[in-house]
Protein chains: 2
Amino acid sequence: MPKDAAPPRRTMRADARRNAEKIVAAAGALIAEQGADASLEEVARRAGVGSATLHRHFPSRQALLEAVFKDRVEALCAKAGDLLADPDPGQALSAWLRAVGAHAVANRGLGASLMRDADTTLGETCHDMITNAGDALLARARAADAVRPDMTVTQLLKLVGAIALATEKDIDGPAEADLLLAIAIDGVRAR
Amino acid sequence: MPKDAAPPRRTMRADARRNAEKIVAAAGALIAEQGADASLEEVARRAGVGSATLHRHFPSRQALLEAVFKDRVEALCAKAGDLLADPDPGQALSAWLRAVGAHAVANRGLGASLMRDADTTLGETCHDMITNAGDALLARARAADAVRPDMTVTQLLKLVGAIALATEKDIDGPAEADLLLAIAIDGVRAR
DNA sequence: CCAGTAAGTGGGGTGGCCCTCCGTTTCGCG
DNA sequence: CGCGAAACGGAGGGCCACCCCACTTACTGG
């Protein structure tokens, strides 16, 4: 009998991985300079690869953004885990939201990534990760009657992302964002 | 002696005015369908004019958006005027903000117009109009100790615009936006 | 060590977009 | 009416996302 179809690759080929890394690095730099709608061709150019390679590794702009922001998001998730040990659940939630907001303004375009579009079909790893992380904090805060009972993480993140988006191209973005965020968080508190 | 340079036109030529109107109408329809980043060439195509004509009448996308939203914005300004007579200044402000938010989600892209880019060089009539209108309401609310004393209209509008932007592509945009807005406004109140 | 092969690559093409130049048409004033 | 200026719109340049396909390269089993 014919032998089975070729066994599927277990790991990426070494050069492919290297190229992917070069692309992510270049994208990170360019996005920091120009924002999340930077030219993908310019990214490929700076990474020293063809545009086809970029598109093969990252089929959509969103996919590339997620790769770029992955470690930042992981850091935020870790922070959420730490804050679960905080004695004051309400304070913990609000501290985390401000941290998320700070990252979102600092890294142009992260905000848009987090809010995410209700239409994205699948694979929104970034958004899922942060949603899950935030959910734990929110649940605890809700149990302690520190927040309005009808809040959802999605709403919270939308709020944070929206504010980041609105201030990210401001002259004094971070300060403005922090102020607006503080105000919004105030509204989230249980009355 | 040579006669003075030809006297400058006082009014637009009739066909020019008609074309401008057709363009605004087409843009309004397309923006309602596809959002504020709709293709300008498609607008020109639907209006039955060449793309050069569109660009002559509206040198920037922002200029076109302002023309499209002008009457909506005027309505909001009028409403602000009316609300100045409301006996409760805090309530009046919050009602107006919700009205602004509702319009912003309903008319895709209005939100972005309102928040406006800190870098726009000049001529942001739309933004100016609404800023002035809101300022009166805010001043009155502040005098009545109904809001935090450090709020500015710009911040308020940024908040509203951001929320509209964040929810405008949602399945259930209006409801979501109203809820988030209510929360944010709650944070704006004086403690 | 070596060849076979699937995985990976990138140049070039396509179509869309924004915007401008410029020859042609149209308006409206005198 | 007739003429000059105002307005028009198609063609074309530059840029971009994305796809196709002939070529190259890394891994694997003998």
Colleague: Give the minimum heavy-atom separation between B/Asp150 and B/Gln155, together with the two atoms involved.
Modeller: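 So the minimum-distance heavy-atom pair works out to O-OE1, 3.8 Å.
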
Colleague: Find the distance B/Phe58:CZ to D/dG9:P and express it as a whole number of Å.
Modeller: 14 Å

Colleague: Closest approach of A/Thr167 and A/Ala177, non-hydrogen atoms and distance?
Modeller: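 Between these two residues, the closest heavy atoms are OG1-CB, 3.3 Å.
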
Colleague: Send over the distance from A/Glu42 CD to D/dC16 P, rounded to a whole Å.
Modeller: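 Distance, rounded to whole Å: 7 Å.
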
Colleague: In whole Å, what is the span from the NE2 atom of B/His57 to the C1' atom of C/dC18?
Modeller: 18 Å

Colleague: Touch check for B/Arg45, heavy atoms < 4.0 angstrom, all strands: base, sugar-phosphate only, or nothing?
Modeller: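 Here B/Arg45 touches the backbone only, sparing every base.
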
Colleague: Regarding B/Thr53, tell me which of base, sugar-phosphate or nothing describes its non-hydrogen contacts under 4.0 Å with the strands shown.
Modeller: base

Colleague: Give one of base, sugar-phosphate or nothing for B/Ala14, where a contact means two heavy atoms less than 4.0 Å apart.
Modeller: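 If one applies the 4.0 Å heavy-atom cut-off, B/Ala14 turns out to touch the sugar-phosphate alone, with no base involved.
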
Colleague: Sugar-phosphate means primed atoms, P, OP1 and OP2; the rest is base. With that split, encode nucleotides 18-24 of chain D 5' to 3' as B, S or - using protein heavy atoms under 4.0 Å.
Modeller: BBB----

Colleague: Return the minimal non-hydrogen interatomic distance between A/Leu93 and A/Ala141, and the atom names on each side.
Modeller: CD2-CB, 4.1 Å

Colleague: Does B/Ser39 make a side-chain N or O approach to OP1 or OP2 of C/dG16 shorter than 4.0 Å?
Modeller: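 Result: no.
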
Colleague: Verify the contact: side-chain N or O of B/Asn19 to OP1 or OP2 of D/dA7, cut-off strictly under 4.0 Å; return yes or no.
Modeller: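 The answer is no; no side-chain N or O of B/Asn19 sits under 4.0 Å from OP1 or OP2.
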
Colleague: Taking A/Arg148 for the side chain and A/Gly187 for the main chain, is one N or O donor matched with an acceptor at less than 3.5 Å?
Modeller: yes

Colleague: For A/Leu54 and C/dG8, what is the distance between atoms CG and P respectively, to the nearest whole Å?
Modeller: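 Checked: the CG to P distance equals 15 Å.
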
Colleague: Is it true that a side-chain atom of A/Asn107 and a backbone atom of A/His103 form a donor plus acceptor pair closer than 3.5 Å?
Modeller: yes

Colleague: Tell me: CZ of A/Arg17 to C1' of D/dT25, nearest whole Å?
Modeller: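 Checked: the CZ to C1' distance equals 18 Å.
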
Colleague: What's the NZ-P distance between B/Lys22 and D/dG9, to the nearest Å?
Modeller: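 Taking NZ of B/Lys22 and P of D/dG9, I get 7 Å after rounding.
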
Colleague: Identify whether the distance between the nearest side-chain nitrogen and carboxylate oxygen of B/Glu21 and B/Arg18 falls below 4.0 Å.
Modeller: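 Result for this pair is no, no salt bridge flagged.
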
Colleague: So does B/Glu74 pair up with B/Lys79, basic N to acidic O under 4.0 Å?
Modeller: no

Colleague: Tell me the interatomic distance from A/Gln62, atom CD, to D/dA17, atom C1', rounded to whole angstroms.
Modeller: 16 Å

Colleague: Specify the separation, in whole Å, of atom CG of A/Asp37 and atom P of C/dC18.
Modeller: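 Those two atoms, CG and P, are 14 Å apart.
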
